[in-house]
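One structure is given here, and the rest of the page talks about it.
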Amino acid sequence: MSLQSKVVLGAACVFSASIIGYVHYKQNLDREQMHSGVLRDMERRQRRKQENLYVLQKQIDLAKELKKQQDDNIT
């Protein structure tokens with residue numbers, strides 16, 4: 001085998017190995033990013049739930065206060 005053919009074969013092997021390595025790296029990176037997106041969604045849902053509970057409690061307190069004022073005005 002000539003030197004030129006050995007160089008071409010070596011370059012092709014290195015190029016192929018580089019592509020395979022990059023694809024595996026990119027797959028792992030994409031998988032991690034998707035997982036972090038799921039975690040962010042769960043945190044966002046939890047935050048919204050807490051905010052909704054807070055608003056609901058404020059509404060309940062305001063309704064009680066309004067009812068108390070109405071009862072005081074009636075008597």
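Numbering starts at 1 and runs along the sequence shown.
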I'd like a table of donor-acceptor pairs (distance under 3.5 Å, sequence neighbours excluded) in which one partner is a side-chain atom from residues 31-39, with atom names and distances.
unit_1 : atom_1 : unit_2 : atom_2 : d
R31    : NH1    : N28    : OD1    : 2.9
S36    : OG     : E32    : O      : 3.4
S36    : OG     : Q33    : O      : 2.8

From CG (D71) to CD (Q69), nearest 0.5 Å: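 CD of Q69 is found 10.5 Å from CG of D71.
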Separation between NZ of K64 and NZ of K68, rounded to the nearest 0.5 Å: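 It comes to 11.5 Å.
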With sequence neighbours excluded, residues passing salt bridge (Lys or Arg N to Asp or Glu O under 4.0 Å) with D61: none
Salt bridge (Lys or Arg N to Asp or Glu O under 4.0 Å) partners of K26, counting only residues at least two apart: D30
Set of residues satisfying side chain to side chain contact (heavy atoms under 4.5 Å, CB included) with respect to Q59, sequence neighbours excluded: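 Expected list: V55, L56.
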side-chain hydrogen bond (donor to acceptor under 3.5 Å, both in side chains) against R44, all qualifying residues, sequence neighbours excluded: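 Partners of R44 by the side-chain hydrogen bond (donor to acceptor under 3.5 Å, both in side chains) criterion, ordered by chain and then number, come out as D41.
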Members sharing L62's hydrophobic cluster (side chains within less than 4.5 Å):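 None, because no other hydrophobic side chain comes under 4.5 Å of this residue.
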Test log, rule side chain to side chain contact (heavy atoms under 4.5 Å, CB included), inputs R48 and R45: CA-CA 5 Å; R48 283 184 186 168; R45 286 182 185 172; 5.7 Å; no
Under 3.5 Å, which donor-acceptor pairs do the side chains of residues 4-23 form with other protein atoms, sequence neighbours left out?
unit_1 : atom_1 : unit_2 : atom_2 : d
S5     : OG     : S2     : N      : 3.2
S5     : OG     : S2     : O      : 2.8
S5     : OG     : S2     : OG     : 3.3
S16    : OG     : A12    : O      : 2.9
S18    : OG     : V14    : O      : 2.8

